[in-house]
Amino acid sequence: MIRVSVPATSANLGPGFDCLGLAIDMYNIIEVEEGGDGLCIEVPKEDRSIIPTDETNLIYTSMATLFDEVGYKFNGLSIRQTNNIPIAMGLGSSAACIVGGIVAANYIAGNPLDIQDLIELSANLDGHPDNVLPALVGGITVGCLHEKKVYYSRLEPPTDVSLALIMPNFELLTKRSRAVLPKEIPFEDGVFNVGRAALLIASIIDGNMDNLAVAMEDRLHEPYRKELIPHFDDVVDMAKESGAKGVFLSGAGPVIVSVLKKEDRQSFEENINISLNKLDGAWSLKWADMNREGVIVEEL
Ligand code: HSE
């Protein structure tokens, strides 16, 4: 039996739509055993209405894709899925299933694929590399999918930074959140985002957190998606007023991420809680650290 621990992820980081991402210390656990007859998938009781336990399960379909790719004929499979990453909140729960399935299948098949192959297979399954890449390699990642290949860089996360995940009491499916995006954008919005994405990466490398307020601004997706997220602008303003250095919509949403200096955590928490309480309990705060290791496989 193997156990695969896959971190949550946050994509886009503001201006880096479909290319920037980071890994978070919060894990889905997937236990897999080859053998026996057929397919047996166990998911937590509370997730049974939304996660299939047949051959359409995303972990299983991802495993089957890798087995096909490398020509491995598997016997029966038992998969047990424990979801600590909330579903449809913009924290990479689907990417975690894809990465977990791909990594588990590669291990079972005797590790025929290297990390670059795993990244490309996962990114092509997800459609973009911004969640799967940090889930695989940890840290902060920049990745572009070009003709099915992934070109990427990984940055080491700063040690003095915490993430405040501001979570609403509703879910938002990525499909719905992508459906509101425009087919075309004004040229000046492209210029706006290119400058900010470049400034963001340079500022992470330099450790210049004072740039983040501007460097995490976006005009490609947040202005459209916020229509699906009641009080989005209020929460962003509250986070900034409470001391966040940068604020962005996590992936397709609806979680909003605030980037803080660790030393500012306590005052941020006190202030934001007072503000969030004015929104009738619809939003709550969860602290997270960035993950450095990426996915981990253990033999039990
Ligand atoms: N970059 C993706 C998006 C992440 O914003 O739609 C979610 O899959």
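Numbering starts at 1 and runs along the sequence shown. Read the numbers this way: they start at 1 and go in the same order the structure lists the ligands and their atoms.
With ligand atoms numbered from 1 in the order given, ligand 1 contributes 5 (O) to contacts under 4.0 Å with heavy atoms of G251. The N12 neighbourhood of ligand 1 comprises atoms 1 (N), 3 (C), 5 (O), with distances under 4.0 Å to a heavy atom of that residue.
Neither the backbone nor the side chain of E222 has any atom closer than 4.0 Å to an atom of ligand 1 (non-hydrogen atoms only). For D18, heavy-atom contacts with ligand 1 shorter than 4.0 Å involve the backbone as well as the side chain. Neither the backbone nor the side chain of D126 has any atom closer than 4.0 Å to an atom of ligand 1 (non-hydrogen atoms only).
With respect to atom 3 (C) of ligand 1, the closest heavy atom belonging to the protein is R178 NH1, 3.1 Å. Among protein heavy atoms, the minimum distance from atom 8 (O) of ligand 1 is reached at H128 CE1, 3.1 Å.
For ligand 1, the polar-atom distance check against H221 finds no nitrogen or oxygen pair separated by under 3.5 Å.
For the pair I185 and R219, the minimum side-chain heavy-atom distance is 4.5 Å or more. At least one side-chain heavy atom of I79 sits under 4.5 Å from a side-chain heavy atom of L39.
The residue among D130, L13, L220 with a heavy atom at the shortest distance from atom 1 (N) of ligand 1 is D130. Nearest-heavy-atom check against atom 4 (C) of ligand 1 across L91, L20, N131, L181 picks out N131.
Within 6.0 Å of CD on Q266 lie no more than 12 heavy atoms contributed by other residues, nucleotides or ligands.
The pair K148-E120 does not count as a salt bridge, with every side-chain nitrogen at least 4.0 angstrom from each carboxylate oxygen.
Side chain to side chain, Q81 and D47 fail the donor-acceptor criterion of an N or O pair below 3.5 Å.
Ring pair F170/W283 is perpendicular by interplanar angle, where above 60° counts as perpendicular and below 30° as parallel.
Contacts of D218 classified as salt bridge (charged side-chain N to carboxylate O under 4.0 Å, His left out), with partners at least two apart in sequence or in another chain: none.
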